[in-house]
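Letters A, B, ... mirror the listed sequences (proteins, then strands); counts begin at 1.
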2 protein chains.
Amino acid sequence: MEKLTSRQAQILKMIRRFMDSKGFPPTRAEIAGKLGFRSPNAAEDHLRALERKGAIRLLPGASRGIQVLTEGPAGIPVVSRVAAGVPLVAEENIESHYAIDPDIFDPAADFFLRVRGLSMRDAGIQNGDLLAVHATPEAASGQIVVARLGEEITVKRFRRRGNQVRLLPENPEFTPVEVDMRENSLVIEGIVVGVLRTHLGSMGRA
Amino acid sequence: MEKLTSRQAQILKMIRRFMDSKGFPPTRAEIAGKLGFRSPNAAEDHLRALERKGAIRLLPGASRGIQVLTEGPAGIPVVSRVAAGVPLVAEENIESHYAIDPDIFDPAADFFLRVRGLSMRDAGIQNGDLLAVHATPEAASGQIVVARLGEEITVKRFRRRGNQVRLLPENPEFTPVEVDMRENSLVIEGIVVGVLRTHLGSMGRA
DNA sequence: AAATAGGCTGTGTTTAAAGACAGGCAGACG
DNA sequence: CGTCTGCCTGTCTTTAAACACAGCCTATTT
(Lines give C-alpha, C1' and ligand atoms only; values in the text may rest on other atoms or scores of the structure.)
Protein backbone atom coordinates (compact mmCIF):
# COMPACT_ATOMS: atom_id res chain seq x y z
CA MET A 1 0.00 0.00 0.00
CA GLU A 2 1.32 3.40 -1.00
CA LYS A 3 1.92 5.85 1.80
CA LEU A 4 -0.98 8.01 2.93
CA THR A 5 -0.90 11.68 3.81
CA SER A 6 -1.89 12.52 7.38
CA ARG A 7 -5.23 13.82 6.18
CA GLN A 8 -5.90 10.63 4.23
CA ALA A 9 -4.93 8.49 7.21
CA GLN A 10 -7.35 10.54 9.28
CA ILE A 11 -10.15 9.85 6.85
CA LEU A 12 -9.35 6.13 6.78
CA LYS A 13 -9.45 6.09 10.56
CA MET A 14 -12.79 7.86 10.54
CA ILE A 15 -14.18 5.22 8.17
CA ARG A 16 -12.90 2.44 10.43
CA ARG A 17 -14.45 4.01 13.52
CA PHE A 18 -17.73 4.55 11.70
CA MET A 19 -17.86 0.93 10.63
CA ASP A 20 -17.03 -0.29 14.12
CA SER A 21 -19.90 1.60 15.66
CA LYS A 22 -22.52 1.33 12.91
CA GLY A 23 -21.66 -1.90 11.15
CA PHE A 24 -21.58 -0.41 7.66
CA PRO A 25 -19.44 2.12 5.81
CA PRO A 26 -20.28 5.83 5.71
CA THR A 27 -21.64 7.72 2.70
CA ARG A 28 -19.76 10.62 1.13
CA ALA A 29 -22.06 13.03 2.92
CA GLU A 30 -21.47 11.35 6.28
CA ILE A 31 -17.70 11.54 5.85
CA ALA A 32 -18.00 15.20 4.90
CA GLY A 33 -20.21 15.85 7.90
CA LYS A 34 -17.86 14.24 10.43
CA LEU A 35 -14.79 15.99 9.08
CA GLY A 36 -16.43 19.35 8.60
CA PHE A 37 -16.37 19.47 4.79
CA ARG A 38 -18.97 21.71 3.24
CA SER A 39 -19.07 19.56 0.14
CA PRO A 40 -19.51 15.80 -0.17
CA ASN A 41 -17.18 15.96 -3.13
CA ALA A 42 -14.22 16.52 -0.82
CA ALA A 43 -14.99 13.08 0.60
CA GLU A 44 -15.29 11.70 -2.92
CA ASP A 45 -11.82 13.02 -3.77
CA HIS A 46 -10.31 11.47 -0.66
CA LEU A 47 -11.95 8.14 -1.35
CA ARG A 48 -10.50 8.16 -4.86
CA ALA A 49 -7.06 8.91 -3.46
CA LEU A 50 -7.40 6.13 -0.87
CA GLU A 51 -8.43 3.69 -3.57
CA ARG A 52 -5.58 4.73 -5.84
CA LYS A 53 -3.15 4.12 -2.98
CA GLY A 54 -4.62 0.71 -2.26
CA ALA A 55 -6.11 1.42 1.15
CA ILE A 56 -9.72 0.82 0.15
CA ARG A 57 -11.82 -0.45 -2.74
CA LEU A 58 -14.82 1.41 -4.11
CA LEU A 59 -17.65 -0.60 -5.62
CA PRO A 60 -19.17 1.54 -8.39
CA GLY A 61 -22.89 2.13 -8.13
CA ALA A 62 -23.29 0.60 -4.71
CA SER A 63 -24.34 2.86 -1.87
CA ARG A 64 -21.82 2.74 0.96
CA GLY A 65 -19.73 0.61 -1.38
CA ILE A 66 -16.47 1.07 0.50
CA GLN A 67 -14.30 -1.94 1.33
CA VAL A 68 -11.48 -1.27 3.76
CA LEU A 69 -8.58 -3.49 2.76
CA THR A 70 -7.14 -4.67 6.05
CA GLU A 71 -3.43 -4.19 6.06
CA GLY A 72 -1.25 -6.88 7.62
CA PRO A 73 -2.08 -9.32 10.39
CA ALA A 74 -4.13 -8.24 13.39
CA GLY A 75 -3.61 -9.27 16.97
CA ILE A 76 -0.67 -9.29 19.35
CA PRO A 77 2.82 -9.68 17.84
CA VAL A 78 4.99 -12.56 19.01
CA VAL A 79 8.60 -11.52 19.53
CA SER A 80 11.24 -14.19 19.29
CA ARG A 81 15.03 -14.60 18.83
CA VAL A 82 15.77 -10.93 19.41
CA ALA A 83 18.41 -9.44 17.13
CA ALA A 84 21.10 -7.35 18.74
CA GLY A 85 20.84 -3.58 18.60
CA VAL A 86 17.31 -3.26 17.27
CA PRO A 87 14.29 -2.42 19.43
CA LEU A 88 12.52 -5.40 20.95
CA VAL A 89 9.28 -5.07 19.02
CA ALA A 90 10.80 -4.62 15.55
CA GLU A 91 9.65 -6.14 12.29
CA GLU A 92 12.58 -8.54 12.12
CA ASN A 93 11.94 -9.97 15.61
CA ILE A 94 8.26 -10.69 15.04
CA GLU A 95 7.59 -14.36 14.53
CA SER A 96 3.83 -14.17 14.03
CA HIS A 97 0.65 -12.63 15.39
CA TYR A 98 -1.91 -14.09 17.74
CA ALA A 99 -5.56 -13.09 17.64
CA ILE A 100 -6.04 -12.43 21.34
CA ASP A 101 -7.75 -9.55 23.07
CA PRO A 102 -4.89 -7.66 24.79
CA ASP A 103 -7.28 -6.64 27.56
CA ILE A 104 -7.65 -10.09 29.06
CA PHE A 105 -4.36 -9.21 30.73
CA ASP A 106 -4.15 -6.44 33.29
CA PRO A 107 -2.45 -4.17 32.43
CA ALA A 108 -3.03 -4.91 28.74
CA ALA A 109 -0.43 -6.94 26.84
CA ASP A 110 1.51 -5.16 24.11
CA PHE A 111 3.40 -8.18 22.79
CA PHE A 112 4.35 -11.77 23.50
CA LEU A 113 7.96 -12.75 24.14
CA ARG A 114 9.06 -16.33 23.58
CA VAL A 115 11.11 -17.57 26.53
CA ARG A 116 14.36 -19.46 26.16
CA GLY A 117 15.79 -21.29 29.13
CA LEU A 118 14.51 -22.42 32.48
CA SER A 119 15.62 -19.61 34.75
CA MET A 120 12.03 -18.86 35.77
CA ARG A 121 10.90 -22.49 36.00
CA ASP A 122 9.62 -22.29 39.56
CA ALA A 123 7.39 -19.35 38.63
CA GLY A 124 5.64 -21.70 36.25
CA ILE A 125 7.45 -20.36 33.19
CA GLN A 126 8.90 -23.01 30.92
CA ASN A 127 11.18 -23.06 27.93
CA GLY A 128 9.23 -22.01 24.85
CA ASP A 129 6.43 -20.31 26.79
CA LEU A 130 5.06 -17.02 25.56
CA LEU A 131 5.12 -14.19 28.06
CA ALA A 132 2.49 -11.51 27.74
CA VAL A 133 4.39 -8.27 28.23
CA HIS A 134 3.11 -4.81 29.02
CA ALA A 135 5.67 -2.42 27.55
CA THR A 136 6.67 0.08 30.21
CA PRO A 137 9.94 1.38 31.70
CA GLU A 138 8.33 1.43 35.16
CA ALA A 139 8.55 -1.70 37.29
CA ALA A 140 7.67 -2.26 40.91
CA SER A 141 9.84 -4.37 43.17
CA GLY A 142 8.61 -7.97 43.06
CA GLN A 143 7.28 -7.91 39.51
CA ILE A 144 8.66 -10.13 36.78
CA VAL A 145 10.29 -7.92 34.16
CA VAL A 146 11.72 -8.14 30.68
CA ALA A 147 15.04 -6.29 30.93
CA ARG A 148 17.83 -5.43 28.57
CA LEU A 149 21.32 -5.75 30.02
CA GLY A 150 23.64 -4.53 27.30
CA GLU A 151 22.90 -6.84 24.35
CA GLU A 152 21.07 -9.45 26.39
CA ILE A 153 17.31 -9.69 26.85
CA THR A 154 16.50 -11.38 30.14
CA VAL A 155 13.40 -12.25 32.14
CA LYS A 156 13.75 -12.08 35.92
CA ARG A 157 12.00 -11.05 39.07
CA PHE A 158 12.80 -7.42 39.81
CA ARG A 159 13.99 -6.26 43.25
CA ARG A 160 15.14 -2.77 43.93
CA ARG A 161 16.68 -0.96 46.88
CA GLY A 162 17.67 2.56 45.93
CA ASN A 163 20.03 2.35 42.97
CA GLN A 164 20.81 -1.27 43.65
CA VAL A 165 18.76 -3.65 41.53
CA ARG A 166 18.67 -7.42 41.84
CA LEU A 167 17.36 -9.60 39.03
CA LEU A 168 16.32 -12.88 40.58
CA PRO A 169 15.85 -16.11 38.69
CA GLU A 170 13.15 -18.45 39.96
CA ASN A 171 15.27 -21.59 39.83
CA PRO A 172 18.00 -22.54 42.33
CA GLU A 173 20.26 -23.68 39.51
CA PHE A 174 20.62 -20.10 38.29
CA THR A 175 22.36 -17.23 40.05
CA PRO A 176 20.94 -13.76 40.72
CA VAL A 177 22.25 -10.73 38.89
CA GLU A 178 23.17 -7.57 40.77
CA VAL A 179 23.13 -4.27 38.94
CA ASP A 180 24.05 -0.80 40.10
CA MET A 181 21.91 1.59 38.06
CA ARG A 182 24.63 4.29 38.28
CA GLU A 183 27.25 2.08 36.65
CA ASN A 184 25.49 -0.36 34.34
CA SER A 185 22.84 0.33 31.77
CA LEU A 186 19.69 -1.53 32.67
CA VAL A 187 16.64 -0.93 30.52
CA ILE A 188 13.25 -2.24 31.57
CA GLU A 189 11.45 -3.26 28.39
CA GLY A 190 8.26 -4.17 30.17
CA ILE A 191 6.56 -6.16 32.89
CA VAL A 192 5.23 -9.66 32.48
CA VAL A 193 1.46 -9.69 32.80
CA GLY A 194 0.67 -13.21 31.68
CA VAL A 195 1.83 -16.53 30.36
CA LEU A 196 0.64 -18.45 27.33
CA ARG A 197 1.65 -21.99 26.42
CA THR A 198 0.22 -23.21 23.16
CA HIS A 199 1.98 -26.46 22.44
CA LEU A 200 2.04 -29.27 24.92
CA GLY A 201 1.37 -32.24 22.77
CA SER A 202 2.87 -34.77 25.17
CA MET A 203 5.93 -33.17 26.67
CA GLY A 204 7.92 -34.93 29.35
CA ARG A 205 8.30 -33.74 32.87
CA ALA A 206 10.51 -30.68 33.39
CA MET B 1 -34.12 -12.60 21.34
CA GLU B 2 -37.39 -14.17 20.29
CA LYS B 3 -37.13 -17.41 18.37
CA LEU B 4 -36.76 -17.24 14.60
CA THR B 5 -38.47 -19.36 12.01
CA SER B 6 -36.17 -21.45 9.83
CA ARG B 7 -36.76 -19.09 6.94
CA GLN B 8 -35.89 -16.08 9.06
CA ALA B 9 -32.75 -17.75 10.37
CA GLN B 10 -31.81 -18.45 6.78
CA ILE B 11 -32.17 -14.78 5.88
CA LEU B 12 -30.15 -13.71 8.91
CA LYS B 13 -27.42 -16.13 7.90
CA MET B 14 -27.46 -14.75 4.36
CA ILE B 15 -27.03 -11.22 5.75
CA ARG B 16 -24.10 -12.35 7.89
CA ARG B 17 -22.41 -14.07 4.96
CA PHE B 18 -22.95 -11.04 2.76
CA MET B 19 -21.39 -8.75 5.34
CA ASP B 20 -18.43 -11.06 5.83
CA SER B 21 -17.60 -11.05 2.15
CA LYS B 22 -18.52 -7.49 1.19
CA GLY B 23 -17.99 -5.53 4.37
CA PHE B 24 -21.41 -3.90 4.36
CA PRO B 25 -25.03 -5.06 4.70
CA PRO B 26 -27.18 -5.99 1.68
CA THR B 27 -30.04 -3.94 0.27
CA ARG B 28 -33.58 -5.27 0.11
CA ALA B 29 -33.09 -6.00 -3.56
CA GLU B 30 -29.86 -7.90 -2.94
CA ILE B 31 -31.52 -10.06 -0.29
CA ALA B 32 -34.40 -10.75 -2.66
CA GLY B 33 -31.98 -11.59 -5.43
CA LYS B 34 -29.96 -14.08 -3.39
CA LEU B 35 -33.00 -15.85 -2.02
CA GLY B 36 -34.94 -15.86 -5.26
CA PHE B 37 -37.69 -13.44 -4.27
CA ARG B 38 -39.34 -11.68 -7.19
CA SER B 39 -40.15 -8.71 -5.03
CA PRO B 40 -37.84 -6.69 -2.77
CA ASN B 41 -40.77 -6.27 -0.45
CA ALA B 42 -40.47 -9.89 0.65
CA ALA B 43 -37.04 -8.94 2.00
CA GLU B 44 -38.57 -5.86 3.64
CA ASP B 45 -41.11 -8.05 5.43
CA HIS B 46 -38.44 -10.41 6.69
CA LEU B 47 -36.29 -7.54 7.92
CA ARG B 48 -39.24 -6.15 9.84
CA ALA B 49 -39.84 -9.55 11.41
CA LEU B 50 -36.16 -9.91 12.31
CA GLU B 51 -36.19 -6.49 13.91
CA ARG B 52 -39.37 -7.20 15.83
CA LYS B 53 -37.77 -10.37 17.19
CA GLY B 54 -34.63 -8.52 18.22
CA ALA B 55 -32.18 -10.12 15.79
CA ILE B 56 -31.34 -6.94 13.91
CA ARG B 57 -31.87 -3.20 14.02
CA LEU B 58 -33.04 -1.16 11.05
CA LEU B 59 -31.90 2.43 10.79
CA PRO B 60 -34.70 4.35 9.03
CA GLY B 61 -33.67 6.30 5.97
CA ALA B 62 -30.18 4.90 5.78
CA SER B 63 -29.27 2.78 2.78
CA ARG B 64 -28.04 -0.64 3.90
CA GLY B 65 -29.03 0.47 7.39
CA ILE B 66 -29.06 -3.01 8.88
CA GLN B 67 -27.28 -3.70 12.18
CA VAL B 68 -26.91 -7.35 13.12
CA LEU B 69 -27.18 -7.57 16.89
CA THR B 70 -24.59 -10.12 17.94
CA GLU B 71 -26.09 -12.63 20.31
CA GLY B 72 -24.28 -13.41 23.55
CA PRO B 73 -20.59 -13.15 24.33
CA ALA B 74 -18.09 -14.30 21.77
CA GLY B 75 -14.88 -16.13 22.44
CA ILE B 76 -13.90 -19.13 24.52
CA PRO B 77 -15.89 -19.87 27.67
CA VAL B 78 -14.03 -20.08 30.98
CA VAL B 79 -15.25 -22.98 33.13
CA SER B 80 -14.75 -22.71 36.86
CA ARG B 81 -15.99 -24.28 40.16
CA VAL B 82 -17.75 -27.16 38.43
CA ALA B 83 -21.10 -28.09 39.89
CA ALA B 84 -21.77 -31.77 40.54
CA GLY B 85 -23.86 -33.72 38.08
CA VAL B 86 -24.07 -31.17 35.28
CA PRO B 87 -21.95 -31.31 32.13
CA LEU B 88 -18.60 -29.54 32.32
CA VAL B 89 -19.37 -26.81 29.83
CA ALA B 90 -22.76 -25.79 31.20
CA GLU B 91 -24.18 -22.32 31.62
CA GLU B 92 -23.85 -22.42 35.41
CA ASN B 93 -20.15 -23.32 35.31
CA ILE B 94 -19.14 -20.57 32.94
CA GLU B 95 -17.36 -17.75 34.69
CA SER B 96 -16.76 -15.52 31.66
CA HIS B 97 -15.61 -15.52 28.05
CA TYR B 98 -12.22 -14.67 26.62
CA ALA B 99 -11.77 -13.21 23.15
CA ILE B 100 -9.08 -15.57 21.92
CA ASP B 101 -8.79 -17.38 18.62
CA PRO B 102 -9.28 -21.07 19.51
CA ASP B 103 -6.96 -22.03 16.66
CA ILE B 104 -3.80 -20.71 18.27
CA PHE B 105 -3.93 -24.03 20.12
CA ASP B 106 -3.48 -27.31 18.28
CA PRO B 107 -5.89 -29.03 18.35
CA ALA B 108 -8.22 -26.05 18.82
CA ALA B 109 -9.37 -25.14 22.32
CA ASP B 110 -13.05 -25.58 23.14
CA PHE B 111 -12.98 -24.05 26.61
CA PHE B 112 -10.76 -22.92 29.42
CA LEU B 113 -10.74 -24.67 32.79
CA ARG B 114 -9.57 -22.86 35.90
CA VAL B 115 -7.17 -25.02 37.88
CA ARG B 116 -7.37 -25.47 41.62
CA GLY B 117 -4.45 -26.99 43.49
CA LEU B 118 -0.83 -27.63 42.73
CA SER B 119 -0.88 -31.25 41.61
CA MET B 120 0.55 -30.33 38.19
CA ARG B 121 3.02 -27.73 39.47
CA ASP B 122 6.10 -29.32 37.89
CA ALA B 123 4.41 -29.24 34.49
CA GLY B 124 4.31 -25.47 34.85
CA ILE B 125 0.64 -25.41 35.82
CA GLN B 126 -0.12 -23.30 38.85
CA ASN B 127 -3.10 -22.70 41.06
CA GLY B 128 -5.52 -20.38 39.28
CA ASP B 129 -4.13 -21.02 35.80
CA LEU B 130 -6.49 -21.48 32.89
CA LEU B 131 -6.08 -24.67 30.92
CA ALA B 132 -7.02 -24.60 27.27
CA VAL B 133 -8.95 -27.82 26.75
CA HIS B 134 -9.84 -29.62 23.55
CA ALA B 135 -13.02 -31.52 24.31
CA THR B 136 -12.59 -35.14 23.25
CA PRO B 137 -13.05 -38.56 24.85
CA GLU B 138 -9.90 -39.81 23.12
CA ALA B 139 -6.59 -39.37 24.93
CA ALA B 140 -3.16 -40.74 24.10
CA SER B 141 -0.87 -42.05 26.79
CA GLY B 142 1.35 -39.20 28.00
CA GLN B 143 -1.09 -36.39 27.37
CA ILE B 144 -2.45 -34.21 30.15
CA VAL B 145 -6.16 -34.81 30.43
CA VAL B 146 -9.21 -33.37 32.13
CA ALA B 147 -10.97 -36.39 33.59
CA ARG B 148 -14.11 -37.01 35.57
CA LEU B 149 -13.81 -39.58 38.34
CA GLY B 150 -17.27 -39.91 39.75
CA GLU B 151 -18.14 -36.41 40.94
CA GLU B 152 -14.59 -35.12 40.81
CA ILE B 153 -12.99 -33.20 37.96
CA THR B 154 -9.26 -33.74 37.91
CA VAL B 155 -6.31 -32.76 35.76
CA LYS B 156 -3.54 -35.32 35.44
CA ARG B 157 -1.09 -36.88 33.03
CA PHE B 158 -2.71 -39.87 31.38
CA ARG B 159 -0.96 -43.28 31.19
CA ARG B 160 -2.66 -46.33 29.90
CA ARG B 161 -1.74 -50.01 29.64
CA GLY B 162 -4.71 -52.04 28.41
CA ASN B 163 -7.60 -51.41 30.76
CA GLN B 164 -5.34 -50.13 33.49
CA VAL B 165 -5.12 -46.36 33.57
CA ARG B 166 -2.80 -44.28 35.72
CA LEU B 167 -3.47 -40.61 36.37
CA LEU B 168 -0.15 -39.07 37.33
CA PRO B 169 0.26 -35.78 39.17
CA GLU B 170 3.29 -33.72 38.29
CA ASN B 171 4.29 -32.95 41.86
CA PRO B 172 5.98 -35.40 44.26
CA GLU B 173 3.72 -34.27 47.11
CA PHE B 174 0.73 -35.82 45.38
CA THR B 175 0.03 -39.49 44.79
CA PRO B 176 -0.90 -41.14 41.47
CA VAL B 177 -4.38 -42.56 40.93
CA GLU B 178 -4.86 -46.03 39.50
CA VAL B 179 -8.10 -46.81 37.71
CA ASP B 180 -9.34 -50.04 36.21
CA MET B 181 -11.61 -49.04 33.34
CA ARG B 182 -13.69 -52.23 33.81
CA GLU B 183 -14.53 -51.38 37.41
CA ASN B 184 -14.51 -47.61 37.78
CA SER B 185 -16.16 -45.02 35.62
CA LEU B 186 -13.54 -42.76 34.13
CA VAL B 187 -14.69 -40.15 31.66
CA ILE B 188 -12.17 -38.18 29.65
CA GLU B 189 -13.59 -34.70 29.27
CA GLY B 190 -10.76 -33.48 27.08
CA ILE B 191 -7.06 -33.04 26.59
CA VAL B 192 -5.09 -30.03 27.72
CA VAL B 193 -3.72 -28.16 24.71
CA GLY B 194 -2.45 -25.00 26.37
CA VAL B 195 -2.03 -22.89 29.46
CA LEU B 196 -3.04 -19.30 30.05
CA ARG B 197 -2.12 -17.22 33.10
CA THR B 198 -3.63 -13.76 33.08
CA HIS B 199 -2.93 -12.32 36.48
CA LEU B 200 0.51 -12.30 37.99
CA GLY B 201 0.62 -8.91 39.59
CA SER B 202 3.50 -9.63 41.99
CA MET B 203 2.99 -13.17 43.19
CA GLY B 204 5.51 -14.82 45.47
CA ARG B 205 7.60 -17.83 44.59
CA ALA B 206 5.69 -21.09 44.28
C1' DA C 1 6.83 27.90 -16.57
C1' DA C 2 3.95 24.08 -16.66
C1' DA C 3 2.25 20.01 -14.81
C1' DT C 4 0.70 17.28 -10.88
C1' DA C 5 -1.04 16.03 -6.25
C1' DG C 6 -3.49 17.45 -2.33
C1' DG C 7 -7.33 19.58 -0.39
C1' DC C 8 -11.15 21.81 -0.72
C1' DT C 9 -16.36 24.63 -2.30
C1' DG C 10 -20.54 24.46 -4.95
C1' DT C 11 -24.06 22.62 -8.09
C1' DG C 12 -26.13 19.60 -10.35
C1' DT C 13 -27.97 14.87 -12.53
C1' DT C 14 -28.88 10.18 -12.24
C1' DT C 15 -29.46 6.05 -10.05
C1' DA C 16 -29.74 3.10 -5.97
C1' DA C 17 -32.43 2.07 -2.38
C1' DA C 18 -35.99 2.62 1.32
C1' DG C 19 -40.31 1.93 2.12
C1' DA C 20 -45.42 2.73 1.56
C1' DC C 21 -49.65 0.62 -0.46
C1' DA C 22 -52.46 -3.12 -2.27
C1' DG C 23 -53.02 -7.45 -2.55
C1' DG C 24 -52.79 -13.31 -2.27
C1' DC C 25 -52.40 -17.72 0.15
C1' DA C 26 -51.39 -20.97 4.06
C1' DG C 27 -51.42 -22.36 8.68
C1' DA C 28 -51.99 -21.40 13.79
C1' DC C 29 -54.87 -19.65 17.58
C1' DG C 30 -58.71 -18.22 20.50
C1' DC D 1 -65.40 -17.78 12.49
C1' DG D 2 -62.27 -13.96 12.31
C1' DT D 3 -57.63 -12.52 13.16
C1' DC D 4 -52.85 -12.92 13.33
C1' DT D 5 -48.28 -14.27 11.60
C1' DG D 6 -45.49 -15.97 7.98
C1' DC D 7 -44.28 -15.63 3.37
C1' DC D 8 -44.74 -13.97 -0.79
C1' DT D 9 -45.87 -10.81 -5.76
C1' DG D 10 -46.18 -6.35 -7.88
C1' DT D 11 -46.20 -1.30 -8.36
C1' DC D 12 -45.11 3.31 -7.20
C1' DT D 13 -43.14 7.37 -4.72
C1' DT D 14 -39.69 9.57 -2.38
C1' DT D 15 -35.33 10.12 -0.68
C1' DA D 16 -30.52 8.81 -0.08
C1' DA D 17 -26.45 8.54 -2.23
C1' DA D 18 -23.07 8.16 -6.05
C1' DC D 19 -20.76 10.76 -8.97
C1' DA D 20 -19.83 14.01 -12.87
C1' DC D 21 -18.48 18.87 -13.94
C1' DA D 22 -16.53 23.33 -12.92
C1' DG D 23 -13.66 25.81 -10.10
C1' DC D 24 -10.05 27.78 -6.40
C1' DC D 25 -5.76 27.71 -3.67
C1' DT D 26 -1.27 25.76 -2.22
C1' DA D 27 2.67 23.02 -2.43
C1' DT D 28 5.92 19.99 -4.99
C1' DT D 29 8.05 18.26 -8.75
C1' DT D 30 9.85 18.33 -13.60
Does B/Lys53 have a side-chain nitrogen or oxygen under 4.0 Å from the phosphate oxygens OP1 or OP2 of D/dG6? yes
Quick one: does A/Asp110's side chain have a donor or acceptor within less than 3.5 Å of a partner on A/His134's backbone? no
Give the rounded distance in Å between these two atoms: CD of A/Glu30 and P of D/dA16. 11 Å
Would you tell me if any nitrogen or oxygen in the side chain of B/Arg38 comes within less than 4.0 Å of OP1 or OP2 on D/dG10? yes
Just the rounded figure in Å: distance from C1' of C/dC8 to CD1 of A/Ile31. 15 Å
So if I take every side-chain heavy atom of A/Arg52 and compare against C/dG6, D/dC7, D/dA18, which nucleotide ends up nearest? C/dG6
Would the B/His199 and A/Phe105 ring centres measure less than 6.0 Å apart? no
Integer-rounded Å distance: C/dA18 P and B/Ile56 CD1: 11 Å
If I take atom CZ in residue A/Phe24 and atom C1' in nucleotide D/dA16, what distance separates them, rounded to the nearest angstrom? 12 Å
When you measure from the side chain of A/Arg48, which nucleotide among D/dA20, C/dG6, C/dC8 comes out closest? D/dA20
Nearest-nucleotide pick for A/Thr5, side chain only, options being D/dC7, D/dA16, C/dG6: C/dG6
Looking at B/Arg48 and B/Glu44, does any basic side-chain N land under 4.0 Å from a carboxylate oxygen? yes
Salt bridge B/Arg114-B/Glu95, side-chain N to carboxylate O under 4.0 Å: yes
Within residues 39-47 of chain A, those residues having any heavy atom closer than 4.0 Å to DNA chain D are A/Asn41, A/Glu44
B/Ala62 near the nucleic acid: base, sugar-phosphate alone, or nothing, with a heavy-atom cut-off under 4.0 Å? sugar-phosphate
Between A/Gly36 and A/Ala49, name the one whose nearest nucleotide on DNA chain C is closer to the 5' end. A/Ala49
Is it true that B/Arg121 and B/Glu170 have a side-chain N and a carboxylate O under 4.0 angstrom from each other? no
So A/Tyr98 and A/Val78, do their side chains get closer than 4.5 Å, heavy atoms only? yes
Could you give the CZ-to-C1' distance, from A/Phe37 to D/dA17, as a whole number of Å? 17 Å
Side chain of B/Thr27, heavy atoms from C-beta onward: which of C/dG7, C/dA18, D/dA17 has the nearest atom to it? C/dA18
Is there a donor-acceptor pair closer than 3.5 Å between any side-chain N or O of A/Glu183 and the backbone N or O of A/Asp180? no
Taking 4.0 Å as the cut-off, does a side-chain nitrogen or oxygen of B/Ser63 come that near to OP1 or OP2 on D/dA17? yes
From CZ of A/Arg64 across to C1' of D/dC19 the rounded distance in Å is 16 Å
Whole angstrom value for the distance that separates C1' of D/dG6 from CD of B/Gln10: 14 Å
Is there a side-chain contact between B/Gln8 and the phosphate of D/dC7, meaning an N or O under 4.0 Å from OP1 or OP2? yes
Let me know the distance between CG of A/Leu59 and C1' of D/dA17, rounded to the nearest Å. 14 Å
Give, for atom CG of A/Asp129 and atom CG of A/Leu118, the distance between the pair rounded to the nearest 0.5 Å. 9.5 Å
Of the listed nucleotides D/dA20, D/dC8, D/dA18, the one nearest the side chain of A/Arg28: D/dA18
